[in-house]
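Within every chain, numbering begins at 1; the chains are lettered A, B, ... in the order of the sequence lines, protein sequences first and strands thereafter.
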Number of protein chains: 2
Amino acid sequence: MSRPNDSRRPLTLRDVSEASGVSEMTVSRVLRNRGDVSDATREKVLHAAKTLGYVPNKIAGALASQRVNLVAVIIPSLSNLVFPKVLSSISDELEDTGLQPVVGVTNYSPEKEEQVLYEMLSWRPSGVIIAGLEHTPAARAMLENAGIPVVEIMDVDGEGVDSVVGISHRRAGLHMAEAIIAAGYRKIGFLGTKMPEDHRARKRLEGFKEGLAKAGIELADTEFYAGGSALAKGREMTEAMLKRTPDLDFLYYSNDMIGAGGLLWCRDNGIDVPGKIGLAGFNGLELLEGLSVQLATMDACRGEIGKKAAQIIAGRSQSGMIGGEVIELEPVLEPGETIRKP
Amino acid sequence: MSRPNDSRRPLTLRDVSEASGVSEMTVSRVLRNRGDVSDATREKVLHAAKTLGYVPNKIAGALASQRVNLVAVIIPSLSNLVFPKVLSSISDELEDTGLQPVVGVTNYSPEKEEQVLYEMLSWRPSGVIIAGLEHTPAARAMLENAGIPVVEIMDVDGEGVDSVVGISHRRAGLHMAEAIIAAGYRKIGFLGTKMPEDHRARKRLEGFKEGLAKAGIELADTEFYAGGSALAKGREMTEAMLKRTPDLDFLYYSNDMIGAGGLLWCRDNGIDVPGKIGLAGFNGLELLEGLSVQLATMDACRGEIGKKAAQIIAGRSQSGMIGGEVIELEPVLEPGETIRKP
DNA sequence: GCTCCATATGTTAGCGATAACGGCATCCGG
DNA sequence: CCGGATGCCGTTATCGCTAACATATGGAGC
């Protein structure tokens with residue numbers, strides 16, 4: 001097969017139409033499988049397109065049809081492990097709908113989120129899936145005025161723009177507190193990320209404190225970190241905290257990764273878990289299933305969240321627009337082996 | 001601020017031009033910071049655009065200008081931990097160039113890769129960054145004919161379409177074999193993924209075997225897995241292999257995650273590492289830095305690869321096209337604590 | 001005064017595709 | 001034998017924006 005397109009000029013419908021002896025419109029119909037075309041011409045056109053190596057120009061197509069098969073997905077981070085999971089479930093669910101996710105990353109910065117959103121909306125996607133309920137006023141206005149379905153995911157504690165799919169992090173924290181207290185722990189420390197913009201972590205902590213307060217308990221110690229390898233940070237923080245407050249009997253970590261670091265440290269230092277001290281994280285990371293001991297955690301329903309969000313977008317982009325819905329999923333406590341049985 | 005766009009009709013340049021009393025062209029110039037516009041009109045236009053909530057239509061803009069600020073990035077997986085790292089380094093490097101990465105995932109399937117590539121090229125990106133050198137003939141033809149810079153990343157063992165940035169996985173495997181033999185290990189097992197399409201893992205194994213052969217050694221046992229949590233699989237496979245071939249003195253894992261699983265299993269079972277048995281993985285996952293014992297590994301230069309690839313695309317999309325270049329990076333052995341000192 | 005040039009704006013003609021409609025055949029039932 | 005329904009394909013007019021060129025306007029220089 002010799003070079004089909006030597007002239008370096010990008011191919012257009014016209015090239016295919018000339019090569020196959022039919023009008024551009026007919027070529028367009030064949031390539032999109034729309035409208036009536038005889039089998040004979042269909043063959044001719046497909047053959048011509050293939051040998052030329054024609055790739056349709058969706059930019060022109062989208063402009064003419066006013067339709068774009070892209071769904072903007074805006075998340076805070078890719079290195080968090082949490083979001084790739086959500087992403088792949090969105091991707092799987094969208095697979096057969098003709099829609100395609102396009103990812104934008106904000107690094108937990110509201111300003112970056114606003115920029116990314118602006119950039120993505122300028123491509124006129126068919127829908128937006130965006131993590132969290134907290135946005136800059138400008139970003140919120142853009143979402144409201146975009147005229148496309150919007151699904152805010154991960155969190156339901158707050159007011160959404162349109163549809164919302166997620167869990168209540170406040171209640172997740174609260175339930176964890178209840179479970180810990182029910183297991184008889186009383187002197188409790190919290191370890192988490194130093195991220196003012198991670199609203200979900202914040203809400204979990206608030207809910208957790210609330211749960212403790214109901215039992216007349218206050219957090220005995222707290223420690224926060226930023227950056228670095230989470231596993232290593234979990235170790236360091238655990239050591240620091242137990243040195244500072246040796247009589248703690250429970251450590252609640254804001255994510256599984258630092259929790260796993262803490263768990264490893266405890267084991268390396270011969271500390272009886274869950275006897276002397278109990279541990280719990282948050283997320284239900286499949287990644288950690290191979291640990292010697294299963295860390296207590298709470299599944300954040302990430303797969304289910306992505307799936308539902310994708311379904312809403314797909315459903316609404318087919319059948320016209322109807323109002324937004326709110327879907328609250330229920331995170332499940334996975335007690336693992338780091339909490340005493342009550 | 002009341003709803004700026006009640007009519008539900010998407011805003012266009014014309015709306016902004018009418019609201020600010022200048023021509024569409026001038027509005028366009030202001031919003032793109034191109035050409036001479038007086039400060040007074042600039043202010044007027046920006047104000048009008050802001051209060052209306054206008055978001056430019058890049059689809060129309062791209063069609064008219066024949067320029068698209070997107071770079072297609074095509075990778076096999078997001079859950080691998082390896083690729084998010086590459087991605088973020090690409091993203092960082094592109095940050096100030098006006099270019100934006102758009103990600104496509106292939107799940108290690110050549111057919112899916114071909115589809116994703118087709119889909120992305122139909123948006124006429126300014127460049128393509130794609131993992132690996134192995135593609136379907138059709139995909140390769142598309143890359144050759146796209147008329148845009150192409151960078152194949154991760155691997156240099158083979159013939160590239162245009163530019164190539166990566167490491168030699170064959171030599172990485174070979175060097176690991178040499179290091180292991182130098183440390184005095186002789187009865188060696190290999191554990192890896194059952195993925196015929198993971199060419200880089202395959203090449204590492206080939207190079208590894210070659211290195212062993214040079215010392216007159218053959219692999220004593222092999223075990224492969226597919227799916228599931230890598231950490232857990234590492235445990236299971238290690239147990240299975242050591243039960244089957246108890247006199248092994250070294251295990252080489254095709255990635256750090258299963259290596260970490262194996263390491264944990266050995267420690268849980270009181271096996272002396274690296275005395276009785278040595279272990280090594282591949283990748284240099286920052287994630288694992290918090291492990292009690294540092295696994296021997298080889299850094300795959302993922303950050304550097306993403307950075308260089310992005311630079312090539314950015315450089316070439318500015319200054320016209322010049323020929324492709326091949327950049328081979330050198331992976332560094334990180335001996336950790338799971339190989340005996342020679 | 002006039003040219004010459006820089007600055008600031010408007011006009012025109014696409015970019016490459018698709019929606020909408022129109023024009024022939026052909027076919028079918030009454 | 002004719003009205004209307006299909007099947008198949010072409011023509012025309014956008015879609016929203018920008019490149020390229022054209023057009024004022026206002027000094028500077030002689």
Side-chain angles (χ1 to χ4, degrees), chain A residues 5 7 9-46 48-49 52 54-70 98 119 121-126 146-147, chain B residues 5 7 9-46 48-49 52-69 98 119 121-126 146-147:
Chain A
N5 173 25
S7 68
R9 183 180 50 74
L11 293 166
T12 73
L13 267 192
R14 155 157 266 113
D15 296 295
V16 182
S17 100
E18 282 169 1
S20 52
V22 296
S23 74
E24 296 177 38
M25 195 60 229
T26 302
V27 176
S28 169
R29 276 193 271 253
V30 170
L31 264 26
R32 285 177 302 143
N33 274 320
R34 216 163 295 259
D36 301 313
V37 183
S38 72
D39 286 348
T41 45
R42 177 185 308 282
E43 280 309 312
K44 258 194 314 192
V45 169
L46 286 177
L52 285 174
Y54 173 71
V55 177
N57 186 331
K58 288 219 181 193
I59 296 178
L63 182 61
S65 67
Q66 303 283 44
R67 258 172 302 143
V68 180
N69 70 335
L70 302 176
E119 181 80 14
L121 286 182
S122 74
W123 288 101
R124 301 287 187 266
S126 303
Chain B
N5 174 25
S7 68
R9 184 181 49 74
L11 293 166
T12 73
L13 268 192
R14 154 156 268 113
D15 296 295
V16 182
S17 101
E18 283 170 359
S20 52
V22 297
S23 74
E24 296 177 37
M25 196 61 228
T26 301
V27 175
S28 168
R29 277 193 271 253
V30 169
L31 294 174
R32 285 178 302 143
N33 273 320
R34 216 162 296 253
D36 301 313
V37 183
S38 72
D39 286 348
T41 44
R42 178 186 308 282
E43 280 310 310
K44 259 193 315 192
V45 170
L46 286 177
L52 286 174
Y54 173 70
V55 177
N57 186 330
K58 287 219 182 195
I59 296 178
L63 183 60
S65 67
Q66 302 284 49
R67 257 172 305 142
V68 180
N69 70 335
E119 179 80 14
L121 286 183
S122 74
W123 287 100
R124 301 289 187 265
S126 305

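- To the nearest 0.5 Å, atom CD of residue A/Glu18 and atom CG of residue A/Leu13 are 11.0 Å apart.
- The interatomic distance linking A/Leu52 (CG) with C/dG16 (P) rounds to 15 Å, in whole Å.
- Distance CZ/A/Arg29 to OG1/A/Thr26: 5.0 Å, rounded to 0.5 Å.
- Both B/Ala64 and B/Met25 lie close to DNA chain C; mapped to their nearest nucleotides by heavy-atom distance, the more 5′-ward contact belongs to B/Met25.
- Comparing D/dA19, C/dA17, D/dC9 against the side chain of A/Thr26 picks out D/dC9 as the nearest.
- The number of heavy atoms from other shown groups lying within 6.0 Å of CZ (A/Arg14) does not exceed 12.
- Contact annotation: B/Arg67 side-chain N/O to D/dA19 OP1/OP2 distance is under 4.0 Å.
- B/Ser38 OG to B/Glu43 CD: the interatomic distance, rounded to the nearest 0.5 Å, is 10.0 Å.
- Protein atom CZ of B/Arg34 is 18 Å distant from nucleotide atom C1' of C/dT7, rounded to whole Å.
- Separating the OH atom in B/Tyr54 from the CG atom in B/Leu31 is a distance of 6.5 Å, to the nearest 0.5 Å.
- Heavy atoms of B/Asp36 sit under 4.0 angstrom from at least one base atom.
- Between the P atom of D/dT14 and the CG atom of B/Leu63 lies a distance of 17 Å, rounded to the nearest Å.
- Scanning residues 39-46 of chain B for heavy-atom distances under 4.0 Å to DNA chain C yields B/Thr41.
- Of the possible polar contacts, none joining the A/Ser122 side chain to the B/Val55 backbone as a donor-acceptor pair under 3.5 Å is found.
- The CD atom of A/Glu119 lies 3.5 Å from the NZ atom of B/Lys58; values are rounded to the nearest 0.5 Å.
- For C/dG16, the OP1/OP2 oxygens have no side-chain nitrogen or oxygen of A/Tyr54 closer than 4.0 Å.
- No donor-acceptor distance shorter than 3.5 angstrom exists from the side chain of B/Ser28 to the backbone of B/Glu24, with no hydrogens or angles considered.
- For B/Asn57, counting side-chain heavy atoms from C-beta on, the closest listed nucleotide (D/dC17, D/dC9, C/dG16) is D/dC17.
- As a whole-Å value, the separation of B/Lys58 NZ from C/dG16 C1' is 20 Å.
- For B/Ile59 and D/dT18, the CD1 to C1' distance is 15 Å, given to the nearest whole Å.
- For the OP1/OP2 pair of C/dA8 and a distance below 4.0 Å, the side-chain nitrogens and oxygens of B/Ser38 include no atom meeting the criterion.
- Whole-Å rounding puts the A/Trp123 CH2 to D/dC15 P distance at 19 Å.
- Judged by distance alone with a 3.5 Å cut-off, a donor-acceptor contact links the side chain of A/Arg29 to the base of D/dG10.
- Remark: B/Arg14 is not in phosphate contact with D/dG16, judged by side-chain N or O atoms under 4.0 Å from OP1 or OP2.
- Rounded to whole Å, the distance from CZ on B/Arg9 to P on D/dC15 is 11 Å.
- For B/Glu24 and C/dA13, the CD to C1' distance is 14 Å, given to the nearest whole Å.
- Residue A/Gln66 places no side-chain N or O under 4.0 Å from the OP1 or OP2 atom of C/dA17.
- Contact check, A/Ser23 against D/dT11: no side-chain N or O comes under 4.0 Å of OP1 or OP2.
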